[in-house]
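What follows is a set of notes on a single structure, which appears directly below.
All heavy atoms count here, side chains included; hydrogens, waters and symmetry mates do not.
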Amino acid sequence: MSDFFEAKAIQAQLGEAFQVVSEKILRNDVRVALVRHGLEKNLFVFPPATDFQGTPHRGGLLCPLTWPNAQALMRICPELRPRRVPVDQPSFGFGDRLGFATPGHVRALAGARVFPVFAQQSMRENARTGRTFADVLADAIFGAFQARWFQGFGADADHLKSVEEAKNCARLGYSFFTCDPSDFLVPVERLSANELAKEGQRLPLTKLEEEYLQHRFTVPGLGELRFAKEELLRIAVKYWRALEFAEQMYRTLAVELPQGFDFELSVDEAAEPTTAKEHLFLILELARRDVRITSLAPRFPGTLEKAVDYRGDLGEFRRALRAHVAIARAFGPYRISLHSGSDKWSLYPILAKETEGLWHVKTAGTSYLVALEILARTSPRLFREIFVLARERFPVDRQSYYASAELCNLPDINTIPEPEFPKLFENSAVRQVLHLTFGSVVQKYGINLRPELSVHEEDYHEALARHLGRHLQALEVKGNV
């Protein structure tokens with residue numbers, strides 16, 4: 001018997017006021033349908049299952065799309081429970097700052113050979129939008145159900161700076177944890193010789209020197225790496241506290257999730273590019289602590305700014321990537337992770353070729369920008385207000401991100417005809433200003449933005465499928481369409 005049942009039957013049961021969006025037969029012959037009533041979506045569960053919270057309705061239970069009901073859905077539909085990234089596939093993170101994007105992300109995956117991570121948000125993003133990690137996961141679960149995606153997906157608690165928050169996400173059901181130890185990185189570039197020596201006194205330098213100065217490390221494809229004494233001191237001082245934090249988070253997660261989990265170490269927000277020797281030191285120290293990573297996000301040369309293509313020397317990027325991949329193969333394998341991965345068109349072919357599938361890419365803001373582009377077409381008055389607010393808030397909101405955009409490069413939106421608003425997204429300064437002010441916009445206009453997207457949901461999902469599909473094509477995991 002098919003897992004799907006006849007939608008017409010449930011349509012007749014519910015009445016003409018409801019539209020059946022998706023449906024499935026689950027454990028113990030419980031039938032669950034995602035239905036729409038006006039702009040509101042609910043689960044219709046029949047016969048009524050005790051795990052769900054809702055209102056009795058025509059022999060079933062009409063349930064709001066809440067976190068408790070997402071948990072209930074995961075219990076009777078294990079395919080919607082986040083799982084680990086397969087070892088034989090690249091992986092792609094589809095961040096969703098508004099909670100509407102997952103069905104569009106599913107469409108983008110058509111014909112693609114990549115494992116999706118649908119729930120992916122950072123502590124910083126949640127703080128700005130007012131969402132929680134539970135909200136993010138629930139939206140991904142309901143979005144996957146709506147799109148009938150039962151092939152598995154990951155859930156990434158991104159850029160975690162708190163062990164307690166990692167524990168919370170583990171208990172929610174997250175499968176992927178990105179440890180961000182940037183608060184613990186020591187800026188050795190700014191230390192005097194005396195300050196560096198003082199910091200070094202806190203480390204087991206004798207043991208480290210025995211371990212690193214007396215050995216040569218041969219990396220196939222890269223050659224021999226050797227540490228000089230001063231060089232080792234600087235690297236150890238820079239990363240030691242960060243490694244201690246990563247170890248603490250990993251051990252906490254290992255207790256919460258003894259069945260296993262994906263763990264990424266992210267040092268991409270360091271002040272300087274990650275060298276091959278720094279990478280080698282990190283992975284050897286993680287191994288000594290029995291910390292097993294799924295991926296490492298190094299700081300690459302050049303600039304990976306939000307919402308725009310890579311700015312830097314592509315040859316230099318390729319050389320750095322080759323070194324990181326060589327170390328990952330020799331001492332892993334684990335993936336090399338590209339953060340701020342949205343719209344990095346010039347990097348995707350290089351990443352695909354040099355890693356041979358040993359990559360993870362994270363996107364988030366690009367799906368938000370697609371939503372704003374839809375608004376620019378369907379609700380130009382609202383878009384104009386959002387643009388004005390973004391311009392006003394950019395000097396403050398940019399402070400926790402690196403961006404080269406300047407307000408002087410923004411056009412005067414009052415001089416632009418409304419039909420030309422979508423063309424604004426071709427301007428890199430506009431893209432960055434809109435991208436980085438998402439928190440301010442959601443806090444003020446979320447109550448207006450969400451209903452508008454609901455009305456034009458089909459347009460939004462199709463636009464996401466095209467835009468993210470281009471990403472996957474450029475990464476050579478999806479054919480041209």
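Using bins of under 30°, 30° to 60° and over 60° for the plane-to-plane angle, the ring pair H159/H339 lands in the perpendicular bin. Aromatic ring pairs are classed by plane angle as parallel below 30°, tilted from 30° to 60° and perpendicular above 60°; the pair F177 and Y174 is tilted.
Checked options Q121, R124, K362; the residue passing with D158 is K362 (criterion: side chain to side chain contact (heavy atoms under 4.5 Å, CB included)). Of the residues F176, F92, F115, the one that meets the ring pair (Phe, Tyr, Trp, His ring centres under 6.0 Å) test with H360 is F176.
For residues 67-77, every residue pair satisfying the salt bridge (Lys or Arg N to Asp or Glu O under 4.0 Å) rule, not counting sequence neighbours, is listed here: D51-R75. Screening residues 61-70 for salt bridge (Lys or Arg N to Asp or Glu O under 4.0 Å), with sequence neighbours left out, gives no hits. Residues in residues 419-431 take part in these salt bridge (Lys or Arg N to Asp or Glu O under 4.0 Å) pairs, two or more places apart or across chains: D343-R431. Residue pairs meeting the ring-ring contact (aromatic ring centres under 6.0 Å, His included) criterion with at least one partner in residues 58-90, sequence neighbours excluded, are absent. Under the ring-ring contact (aromatic ring centres under 6.0 Å, His included) criterion, no residue pair touches residues 386-410, with sequence neighbours excluded.
Judged as a salt bridge (charged side-chain N to carboxylate O under 4.0 Å, His left out), and not counting sequence neighbours, the contacts of R36 are E457.
Taking the ring axis of W345 as reference, the NZ or CZ atom of R470 stays within 45° of it and closer than 6.0 Å to the ring centre.
With no hydrogens or angles considered, no side-chain donor-acceptor pair links S22 and Q146 at under 3.5 Å.
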